**Q** 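Okay, here's the structure, questions in a sec.
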Amino acid sequence: MTQNPDPAEAVQHAEDDLDDIRELADVPAIEVISRAAVMLMSSAAEKLGLSDESPENSPHLDLDEARRVITALAGLVTASVEYLGPHAGPIREGLQALQKAFRETSAHPDEPGKGPGEKYTGPVY
């Protein structure tokens, strides 16, 4: 037997969703960009196995996925660097650390300039 949803509950849920949208509209662009960068950094670190004691044996290690996320992060950082203000330095340093970690983790490291995101950032050594 199927249950009929309560119309009042459905309306309240829709209003709550609209409240969330309004709240996001109030968030400054720099905060949205910074949060996206932090999320991409965290994802890349997980996919490089950096959250485990032994990254090379991490069940989360996935260099193909890490490459994609690092490249997306590099594109975001490069496109938004002028808006990041004082956040630009730490975010760029985090990106470079992930690019270096990728190179160190890879069994066959890419040539300088060919690593993840390096088409946006230039070579990372």
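Since this is a predicted model, take the numbers as computed values, not measurements. Both backbone and side-chain heavy atoms feed into the values below; hydrogens, waters and symmetry mates do not. Numbers here simply count residues along the sequence, with the first being 1.
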**Q** Do E111 and K114 sit within salt-bridge range, that is, some charged N less than 4.0 Å from a carboxylate O?
**A**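 Answer for the salt bridge query: no.
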**Q** Do the side chain of D62 and the main chain of D64 share a donor and acceptor less than 3.5 angstrom apart?
**A**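 Between the backbone of D64 and the side chain of D62 there is a qualifying donor-acceptor contact (under 3.5 Å).
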**Q** I need the S58 OG to E53 CD distance, nearest 0.5 Å.
**A**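 Going from OG on S58 over to CD on E53, the span is 11.5 Å.
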**Q** For G117 and T71, which heavy atoms make the closest approach, and how far apart are they?
**A**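 For G117 and T71, the tightest heavy-atom pair comes out as N-OG1, 3.1 Å.
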**Q** Given side chain to side chain donor-acceptor pair (under 3.5 Å), test T105 with E56 step by step and report yes or no.
**A** CA-CA 7 Å; T105 303; E56 61 278 353; over 6 Å; no
**Q** My understanding is that a hydrophobic cluster links ILVMFWY residues whose side chain heavy atoms are under 4.5 Å apart, including indirect links. Using that, what else belongs to the cluster containing Y125?
**A**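 Members alongside Y125: none; it stands by itself.
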**Q** Would you check if the side chain of E118 reaches a backbone N or O of G115 as a donor-acceptor pair within less than 3.5 Å?
**A**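 Such a contact is found between E118 side chain and G115 backbone.
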**Q** Could you measure the distance from the NE2 atom of H60 to the CD atom of E46? Nearest 0.5 Å is fine.
**A**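 Between H60 NE2 and E46 CD, I get 6.0 Å after rounding to 0.5 Å.
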**Q** Which residues, ordered by chain and number, are linked to V77 in its hydrophobic cluster, where ILVMFWY side chains connect at heavy-atom gaps below 4.5 Å, directly or through other members?
**A**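 V77 shares its hydrophobic cluster with I30, I33, L40, M41, L48, L50, L61, L63, V69, I70, L73, L76, L84, I91, L95, L98, F102.
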**Q** Between R35 and E31, is there a side-chain N and carboxylate O pair less than 4.0 Å apart?
**A**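 Result for this pair is yes, salt bridge flagged.
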**Q** Using 0.5 Å steps for rounding, measure from the NZ atom of K47 to the CZ atom of R67.
**A**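 The CZ atom of R67 is 14.5 Å from NZ of K47, to the nearest 0.5 Å.
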**Q** Using only atom types and a distance under 3.5 Å, with no angle test, would you say the side chain of Q99 pairs donor to acceptor with the backbone of P116?
**A**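 A pair under 3.5 Å: yes.
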**Q** Between R103 and V124, is there a donor-acceptor pair closer than 3.5 Å when you use the side chain of the first and the backbone of the second?
**A**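 Here the side-chain-to-backbone pair exists.
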